[in-house]
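Chain letters run A, B, ... following the sequence lines, proteins first, then strands; residues in each count from 1. Small disclaimer: the values here were computed from a predicted structure and weren't measured.
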Number of protein chains: 2
Amino acid sequence: MASKETLAGCPVQHALQYIGGKWQMGILWQLRKGALRFNTLKDALPNLSEKVLTENLKFFEEKGIVSKQSFLSVPPKVEYRLTADGQDLIPVIEKIIHWGYAHLQEEKVKKDTLFTPSVVMNELQQEYNTVEKAAG
Amino acid sequence: MASKETLAGCPVQHALQYIGGKWQMGILWQLRKGALRFNTLKDALPNLSEKVLTENLKFFEEKGIVSKQSFLSVPPKVEYRLTADGQDLIPVIEKIIHWGYAHLQEEKVKKDTLFTPSVVMNELQQEYNTVEKAAG
DNA sequence: TAATTAACTTACCTTAGGGTAATTAAAGGA
DNA sequence: TCCTTTAATTACCCTAAGGTAAGTTAATTA
């Protein structure tokens, strides 16, 4: 996540530092409601490895998007939460998720449209009926 | 741009196909007002190479985000424009640019804040006074 | 005849993001 | 004594995105 330092003069490139990575939006989205522990976060995002999660959290922390709270205990307990700047990203991510959701449905419906369009629609709506499941 | 086919079931990953690339938002943003020729697009986005522009336009076309119109002439003339689906992405990109712009200013101001905060602010506002310049 | 033009294509290289798997710390429990 | 737990770190590897530079096309123009 070192190359993300460059081209900071452009709003687009700047924003891309925080949302362009494969797991970045997923992580931030999970944190939108409050603090989460490392493993909770990890479990919420299947296929996300510990290494990548650590990397991303460290980057977010350095950039002031996420804050970290370590409890001195054994085994360790660490909580992550969004800073004010991080919170500002949530509506942005929300908009992206909405677009993705809408056009994902569109795509799936196009493929099956010759068969059972309404059935497909219902399946999709059940599958994605909560925004909870939208990121990850 | 081949790996972007995978993980299509997640709205976030789906959207990332179209906005996660270094130049994707810049290209789409330039096209927001109407058709542009290949070289016009290229000139509007400094440091974007022809190869990468071609790759991205081809991808967008395959995905139905951008449409292409070739005029049979020598030298060739080709125009690109957003499809309806592509247009849907503009408000999303707009939101991203707004966030990037705001937090870019914040960052720069933090660095120089001990010296001439109001001067810095003015410079920044002049530098970025048009949304035109926001993407690229 | 040679140069210019627009929109590519091709070949090559570099890098960084991400994946996999093993290892670490210290305390408490079986 | 060994295992478990949590939050990392470390050492790899692989791939794809992107950068660089040169070549291609065919008609027009100097």
Side-chain angles (χ1 to χ4, degrees), chain A residues 1-7 10 12-13 16-27 30-31 35-63 66-81 136, chain B residues 1-7 10 12-13 16-27 30-31 35-63 66-81 136:
Chain A
M1 222 143 295
S3 67
K4 293 189 178 168
E5 305 285 342
T6 56
L7 279 174
C10 166
V12 168
Q13 305 299 333
L16 226 34
Q17 291 185 294
Y18 306 105
I19 61 169
K22 180 170 180 181
W23 299 101
Q24 290 178 323
M25 288 196 274
I27 293 168
Q30 292 298 325
L31 291 173
L36 289 181
R37 296 186 63 178
F38 184 86
N39 275 345
T40 313
L41 213 35
K42 182 192 141 199
D43 293 343
L45 298 163
N47 302 323
L48 167 57
S49 74
E50 298 185 354
K51 180 199 144 201
V52 172
L53 179 53
T54 308
E55 280 173 2
N56 277 280
L57 288 171
K58 186 188 283 184
F59 175 76
F60 282 141
E61 203 202 346
E62 286 168 3
K63 293 296 185 178
V66 158
S67 68
K68 176 178 176 176
Q69 187 178 10
S70 299
F71 298 83
L72 299 174
S73 61
V74 174
K77 175 179 173 181
V78 181
E79 278 185 358
Y80 294 91
R81 74 193 69 231
Chain B
M1 225 145 294
S3 66
K4 295 189 177 171
E5 304 285 342
T6 55
L7 281 174
C10 166
V12 168
Q13 305 297 331
L16 227 33
Q17 292 185 293
Y18 305 106
I19 61 169
K22 180 170 179 180
W23 299 101
Q24 289 178 322
M25 287 197 275
I27 294 167
Q30 292 298 324
L31 291 172
L36 289 182
R37 298 185 63 176
F38 184 86
N39 275 346
T40 313
L41 213 35
K42 182 192 138 199
D43 294 341
L45 297 164
N47 302 323
L48 168 57
S49 74
E50 298 185 353
K51 180 201 146 203
V52 171
L53 178 55
T54 308
E55 280 174 3
N56 277 280
L57 288 171
K58 186 188 283 183
F59 175 77
F60 282 141
E61 203 201 348
E62 285 169 4
K63 293 295 185 177
V66 157
S67 69
K68 176 178 174 175
Q69 188 179 8
S70 299
F71 298 85
L72 299 174
S73 60
V74 173
K77 174 180 173 181
V78 181
E79 278 184 358
Y80 295 91
R81 75 192 69 229

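- Look at CZ on B:F59: it is 13 Å from C1' on D:dA16, rounded to the nearest Å.
- Considering every non-hydrogen atom in both A:L16 and A:Q24, the closest pair reads O-OE1, 4.0 Å.
- Inter-residue side-chain proximity for A:K22 and A:V52 is flagged as unmet; no heavy-atom pair is nearer than 4.5 Å.
- For the pair B:K58 NZ and D:dG18 P, the computed distance is 15 Å after rounding to whole Å.
- A stem is defined here as three or more consecutive Watson-Crick or G-U pairs, each with both distances under 3.5 Å; for DNA chain D these stems are C:1-24 with D:7-30, C:26-30 with D:1-5.
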Contact list (N/O, under 3.5 angstrom) for nucleotides 3-6 of chain C vs protein:
unit_1 : atom_1 : unit_2 : atom_2 : d
C:dA6  : O3'    : B:R37  : NH2    : 3.0
C:dA6  : O3'    : B:P76  : O      : 2.9

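- The separation between A:E79 atom CD and D:dA7 atom C1' is 13 Å, rounded to whole Å.
- At the heavy-atom level, A:Y80 lies under 4.0 Å from the strands shown only through sugar-phosphate atoms.
- Between A:K22 and D:dA17 there is no side-chain N or O to OP1 or OP2 distance below 4.0 Å.
- Considering only side-chain atoms of B:K51, the nucleotide from D:dT20, C:dG19, C:dT9 that sits closest is D:dT20.
- Rounded to whole angstrom, the span from the CG atom of B:N47 across to the C1' atom of D:dT20 amounts to 13 Å.
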Would B:L48 and B:I27 count as a side-chain contact (heavy atoms from CB on, under 4.5 Å) if you check the C-alpha gap in whole Å, the side-chain angles of each, and the deciding distance to 0.1 Å?
CA-CA 10 Å; B:L48 168 57; B:I27 294 167; 4.2 Å; yes
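- At a threshold of 4.5 Å between non-hydrogen side-chain atoms, the residues A:L53 and A:W23 do not count as touching.
- Listed by chain and residue number, B:K42 satisfy the side chain to side chain donor-acceptor pair (under 3.5 Å) test with B:E50 (two or more places apart in sequence, or in another chain).
- A straight line from CD of B:E55 to P of D:dA17 spans 8 Å, rounded to a whole angstrom.
- The distance from atom CG of A:L57 to atom C1' of D:dA7 is 11 Å, rounded to the nearest whole Å.
- Between D:dA8 and A:K42, no contact under 4.0 Å exists linking OP1 or OP2 to a side-chain N or O.
- Taking atom CG on A:L48 and atom C1' on C:dT20, their separation rounds to 13 Å, with Å as the unit.
- Among residues at least two apart or in separate chains, side chain to side chain donor-acceptor pair (under 3.5 Å) pairs with a member in residues 71-81 of chain A are A:Q69-A:R81, A:E79-A:R81.
- Rounded to an integer number of Å, the gap from CG of A:L72 to P of D:dT6 is 17 Å.
- No donor-acceptor distance shorter than 3.5 angstrom exists from the side chain of B:Q13 to the backbone of B:C10, with no hydrogens or angles considered.
- Residues passing the side-chain contact (heavy atoms from CB on, under 4.5 Å) test with B:T40 are B:L36, B:R37, sequence neighbours excluded.
- Take B:K58 and apply the salt bridge (Lys or Arg N to Asp or Glu O under 4.0 Å) test, not counting sequence neighbours, and it matches no residue.
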